[in-house]
Amino acid sequence: MSPENGKHLPENYATGLNFEATELTLGLPGKPRVTISDGGAKSGTKRGFLETVDLNLGDKDCGQSQIDVQEAAKSPVSKAQVVGWPPVRGFRKNAMKSCKYVKVAVDGAPYLRKVDLQMYSSYQLLLSSLEDMFSCFIMRNYLNEKKIVDQVNGLEYVPTYEDKDGDWMMVGDVPWQMFVESCKRLRLMKSSEAIGLAPNTPPKCSSTT
Amino acid sequence: MQKKMAYSFPDEVLEHVFSFIQSDKDRNAVSMVCKSWYDIERWCRRKIFVGNCYAVNPRIVIRRFPEVRSIELKGKPHFADFNLVPDGWGGYVFPWILEMARAYPWLEEIRLKRMVVTDESLELIAKSFKNFKVLVLFSCEGFSTDGLAAIAASCKNLRELDLRDSEVDDLSGHWLSHFPETYTSLVSLNISCLGSDEVSFSALERLVGRCPNLRTLLLNRAVPLDKIANILRRAPQLVEFGTGTYTAELRPDVFSYLAGAFSSCKELRSLSGFWEAVPAYIPAIYSVCSRLTSLNLSFATIQNPDLIKLVSLCPSLQRLLVLDYIEDSGLEALASSCKDLQELRVFPSDPFGVEPNVSLTEQGLVAISWGCPKLESVLYFCRQMSNAALVTIAQNRPNLTRFRLCIIDPKTVDYLTHEPLDVGFGAIVEHCKDLRRLSLSGLLTDRVFDYIGTYAKKLEMLSVAFAGDSDLGLHHVLSGCESLRKLEIRDCPFGDKALLANAAKLETMRSLWMSSCSVSFGACKLLGQKMPRLNVEVIDERGHPDSRPESCPVDKLYIYRSVAGPRVDMPPFVWTKDEDSSLRLS
C-alpha cells in the first residue's frame, strides 16, 4: 500500500489511503517530523547538534529523530532540539519567562494543539509553525492574505484568534507583541465561515471548540 | 497441624492483627499464607495501590477487595512527562470511577498520577462518595475548573484537594466559591498548577478563614504578592505554604505587613511558589527560615548573592529545590550551613541554551557530598562531569538512595579525561548499595550496564538515554538487576536479542519503555505471543508497523505485565500482535 519501503514522507498523508486522517483521534495525522536528510531547511536553525551527535538509531532509512518544530522555530541561538530532552517538565521550561500557551483548533479536525506564543518573534514564524503542525496544509500568500490551504480538499483556512475580551479577530492585524498579549486561543477557521469577520470590526463568533 | 491453628483463631482476631499491617507488600505476603488468611485479609484491606492502571481492571480489584476506602492509580508511563507519549494514549480514570461508584460507596480517598481525568469523572466522584475526603491529582489532565466546582460543592467532608502539576482548563476562578459557607474541614489545598486566570481572592480568603485545620496551602501564580499577607493572617497555623507570583514594587508598608504575617506563622516548615521572585521581598520570609525544613525555589528568579544569603539562613533544611542560579559557590555555602540536607534538586534555568549561563558544574555536587552526611536523594542538571567527581560523590555518600544526573548535552564525555562516564556511574552503583533509583547521562558504553547489572541489586527504577553500544548493555541490566521494576530507555542501540533473551524477566517488572531504539515489530509480536501475561504495545504514529520493512525499528514500545489482558481503549497509533487495522475501532 505504501509506495516506498522504509520511508515516511509527509506527502503520504495527503495522497493515497490515509485512514488516519479521517478517523476520530486525539492524535495528529500530520505530526511534524524532520528527517536527517531533510536538512530542516524550513526552520532555519543551526543543524550543529544533529550533525555532531551520532544518534545511532540502526537502520538509517527509517530512523528518524523527532524534532520539536515549535522549539526549532526559536532564534538560531538555541540548538535544534530533541523531543523530551533535556528531561524538564513543561511547566518548568516556562518558569523563567511568563508562559503564553494557547490552544490551536482547526475547523473540522477533532484534535487540538498548544503553542507557546513566546517562542515566536513574528507572525511569519508562528504561521510557518502552524503549517508544520498541521502538515496537510500549506501556506499560501501568508504575507498578504494570511490564508492557509488544505492540500487535500483545497479548502482555505483563515487564522483567527480570540482576544482577552472574548472577540474573534483575524490574525495579523495588530502588532505582534500586542497580539501575543491579548491572544487567548487560535482557530484556523474555514474561509467560508470567516466571512463577516473583518479586521477591526470583529463580530462575536461562537467557538466550536 | 498448622491448618488447625489457623482455624482456631476467630476471624475477628486475625482481622484485628492484620489492621496493624499497613504496607502493601506485607499485606500481600499475609494474603499468601493460606486460603483463610487470604479471605480474611481481602475483606479488611482498605487501601489499594495500582502502579499501572492497565495491569488490572476495576472488576478484578472490586471482586477481590470489597471494602476499599482508599485507592491510588498510576496511568501513563513516566516519559509522558517529557512529551514522549502522544495525546490520546490512554490512562482514563472514568471506567474506574464508574465501577467504584457502584461498589465502594464509602470510598474516601482517590490518588491519581498521570491519568486523564474528565469533568464527568469529577462530577461522578462528587455525587457518588458521601464520605469523600482526599483527592490528589498528580500530573493529571483532561479536566477543568467546572469539575473542581462539582467537588467543592458536594464533598462536605473533603480534607485534601491537591492538583499538583496537573494541567487544568482554567475556565473560571469562581469554582472556589462553590465550597459552601458551612464547609470548614479543609486541611490541604494545592492549586499551584492553576493558570493565570483570576482566582476569586475574597472566596479564597473566606475559605481559608473558616477552615481552622488548614495545614497546607499552595497558591497559584495568579495570587499577587500583596494578597498573601491577608491570607497568612487568617491561617497562622499553616505548616506548608506556597506563594503566588512573588514580585511587586518595593513598598515599605507592604513589605512590613508581609514580614509580620510570615513571622506570626510559628508552625511554618515548608515554603514554595516564589514565581518571578524579586530580591527586595525575600527578607520578608527571614523570620521563618530557621525553622524551614523544605524550600522550593525552583521557580524563583533570584540569583546570588541573594540566593546564597537565603539558604544560609536555613540550617534546618532537609529538602531544597533550586535553580542552577545557585551555582557552585551557593552549593558550597549550602554544604556548610545545612547539615540536615536529605534531598537536593537543581534545575536548569536555561535548558536549551547552547552556552552555560551560570557557573554550576560538578564541583557543586561534590561539595554537597562532602558537607551533607544525610544526603540521600539527588536530581542534578549540569553541563560537565568527570569520573573523578562521581567516584568522590559515591565514596562520600554511600547512603544515596536516589541519584538522577542529567548532563544536558547527550553523550558528553568526562571533561578531564575525555573518556566515557562508565567508571563514575559504576562507582555510584558499587558504593551506594541501597540505591533504588538511577538516571544516567553523558557518554556511556556497554560497560556501565555491566557495572549496573553487577552491583545495583536494590535498584528499582533505571532511566537511560543516548547510551550503550549494543544489546549486551540491555542484557546486563535485565539479567543482573534483581529488584528492577521500571526501566525506561530512549535513543539507545538496544534491539531484539536482549529483549527476547530476557522475556521472562519482563514479567517480574512493572513496565519497560523503549523509544527510538532498535527493536523490530517482529520481535514485539513474538514477545507478545510467547508471553500472554505481558501487554506488548507499540506506539507508532507513522501507520501500521507492518507497512515498513521488518528491520525497521518501532518508534516506541511499552511493555507491561497485566492480569487484565489486552486493553480495550487503545488509540489507533498503538499496535499489538493482534493487529488488523481495518478491524480497529477508534
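Note that these values count all heavy atoms, side chains included, but never hydrogens, waters or copies made by symmetry.
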Quick check on the interface: out of B/Thr245, B/Asp169, B/Ile407, who has the most heavy-atom pairs with chain A under 4.5 Å? B/Asp169
Where does B/Glu355 contact chain A at under 4.5 Å (heavy atoms): side chain, backbone, both or neither? neither
Under-4.0 Å salt bridge between B/Arg114 and B/Asp81: yes
Residues passing the side chain to side chain donor-acceptor pair (under 3.5 Å) test with B/Thr412, sequence neighbours excluded, are none
Under the rule for ring pair (Phe, Tyr, Trp, His ring centres under 6.0 Å), what residues qualify as partners of A/Tyr161, not counting sequence neighbours? A/Phe179
At a heavy-atom separation under 4.5 Å, does B/Phe79 approach chain A through its side chain, its backbone, both, or neither? neither
Charged N-O contact under 4.0 Å between B/Asp409 and B/Arg383: no
